[in-house]
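So the structure is just underneath, and the comments pick up after that.
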Amino acid sequence: MAEENKEKKAAAKEEKKKLDPKDVSIDPATQQLQQRAQELNIDTAFDRAESLKPCNIGLQGICCKNCAMGPCRLPLTKGITKDNDNRKGVCGATANTICARNFIRMIAGGAAAHSDHGRSVAEIFLAAARKEIQDYEIKDVHKLLDVAYWFNVPMTVEENGEIKDRDIYEIAEEVGIKALNEWGKAEGELYYLRRAPKPLYDKWKKMGVTPRNIDREIVEIMHRTHIGVDQDYRHLMEQGTRAAIADGWGGSMLATDLQDILFGMPSPVQSEANLGVMKEDHVNLIVHGHEPVLSEMVVAAAQSDEMIEYAKSKGAKGIQLGGICCTANEILQRHGIPTAGTFLQQELAIITGACDAMVVDIQCIFQNIAEVAKCFHTKVVTTHPIAKMEQENVIHMEFDDHHGWEDAKKLVKLAIDNYENRKSEVMIPRQKASQVAGFGVESIQYQLGGTFRGDYFTLNDNIINGRIRGVAGVVGCNNARTKHNDAHIKVVKELVKHNVLVLTTGCNAIACGMEGLLTPENAAVFAGEGLAEVCETVGIPPVLHLGSCVDNSRILLAATEVVNAGGLGADISELPVAGSAPEWMSEKAISIGHYFVASGVYTVFGYHLPVTGAPVFQDHLYNELENLYGGMWDCEADPIQHAHKMIDHINKKRHELGIDKQRERVLMSMEDRRALEE
Ligand code: NFS
């Protein structure tokens, strides 16, 4: 009898565990493959998020495990108020100290990830400048000269009394040396800080938060958060700010710039998004991760006649390359390679049964893809020197940029050779949407300004005259604890409906692509009247895809261009702009969020922020920071309210600029008059 009960309970538990695929995502392709996973008894992140509940104390951000006297857990329980809060760890650390320590350690993790990626690019850049490697070259001379300017690298040289242009590779070498030095220079501060609007730079100076070098700021976070060092939440946050600025205006910005010089600046390009881009009769090779150094070569190899012929000789019609996560964004922006999916679709790409190889490098890669691959023929290949997986079915083929092309061909060949090993039924969802991606600071300028007026005046004009209410940067991850893409899409749609032009990156950009928000034709469908009019006139979508997460630096520079173009305030904090990460999950997102805040942007995160256990520290982030940098944090899980908090902030800024009245007049003359006549 007891046995029977046990079995019944186990069966009931098993039954309960099964999620309704409709609850995990708004995307039919994702739902279909989640269903398929259940039929095959394969667990995905959605299932694990359901069975593995988060720790409530960790959620509040007040568990300290930085020494062996802990973990010290200080949950905020009922009855604790600011006045009677005497929670402390064994060493006496308060809830504020613990929460701030945890928060800035997240910044350190995020800044390290972005910046170490930037460092790899800088190393390859220098090697290319020195012509030590053959497969990479200086592709965008214009951008090189731009960057050289910020590094004080002379572009001309005097020879025998004559001024001559310097050799491009000579300039590149000097840029490369100076760039690499940004990670560890002994004196001074980061060169790029001066790219920020002057009032912002002055604020940073006044606050003493200008980063000295990238690595140092990250290391100092680890030091300060070691037991018994920095024990003042405001002071800890100052270091968090230094490291976050070193990420946004340092490591990430360098990654973007140097990648543009090596691989070319993105320009608007047509493509498609979602798992439906995979093709049953093609070799499907998925590249997943972040550094375009590898994927650039894979793109070239997969498009080479040699490899296409080889694929045909193995019975395939061709090679279909697709990207996941930010690698997807990198190769989409520069080559129009279709996007296979977001962060939460990585396991599903394998569950199609048609993924012949998944090649990964760094960041946002689920270890479980190795487990899923065991149920199919898919080869999972790790390629980066710092990232391996313990599962024995994973192949490690370390990518060496000295033979980039040869290594990339090996990877493509491996996928082709695996094509004939498909063993299970293939199920590729039909869903895919058209998208136009490839925007950047320069292409926005060009698109909005036209050939004759390549500048940001047009954008500013339209903000001032109220056709565009403001600009929002909506970025970031998916989180298996929230419905996939639901908040992303609701927030973006609500913003564009209210005439807010959206700049997107990361997995938000992929979600927008899947939803059809990245096509100019859809401006009329989703955008408010004013924004739609601008989009239709200049032929842009209401949501502009600016690239991967390191490319959030492009948003900082676009905002700076808006300031420079004039008429909308002297600093980013005065602009009618706001930032958002509706489904964030990574430490990188926290670093990005904080460099937005420290650059003067009101930034709202969805889901939850791990600061609720320390209300005083939370108040510092949500309110006090505004007085210091003009930007501040906020958190709102409900997507519609989330968007409206941003819109309210934008309206507040419009009011402060005195441009809100004009907008009302425009509206009065149309709708209200009609209403009066009725
Ligand atoms: Ni950004 Fe890119 Fe996606 Fe989040 Fe991960 S891919 S770097 S961290 S999950 S947006």
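Start at 1 with the first residue, then count along the sequence. Quantities reported herein were computed from a predicted structural model and do not represent experimental measurements. Indexing begins at 1, ligand by ligand and atom by atom, following the structure's order.
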Closer than 4.0 Å to some heavy atom of M585 - which atoms of ligand 1 meet that? 9 (S)
For atom 3 (Fe) of ligand 1, check which protein N, O or S atoms are under 2.8 Å away and list them. C507 SG
Does the plane of the ring in W633 sit parallel, tilted or perpendicular to the ring in F103? Use 30° and 60° as the thresholds. perpendicular
When you measure from the side chain of N329 to the backbone N and O of I510, does any donor-acceptor pair fall under 3.5 Å? no
Whether the side chain of Q641 engages the backbone of E636 through a donor-acceptor N/O pair (distance < 3.5 Å, no angle test) should be reported. no
Sorted by chain and residue number, the side-chain contact (heavy atoms from CB on, under 4.5 Å) partners of Q363 (sequence neighbours excluded) come out as A113, H117, H290, K588
Heavy atoms only: which of H117, H290, H288 is nearest to atom 6 (S) of ligand 1? H290
Any pair with a residue in residues 324-336 that passes salt bridge (charged side-chain N to carboxylate O under 4.0 Å, His left out), sequence neighbours left out, goes on the list, sorted by first then second residue, please. D260-R334, E330-R334
Can you name the salt bridge (charged side-chain N to carboxylate O under 4.0 Å, His left out) partners of K493, sequence neighbours left out? E515
Under a 3.5 Å cutoff, is there a donor and acceptor pairing between the side chains of N274 and D27? yes
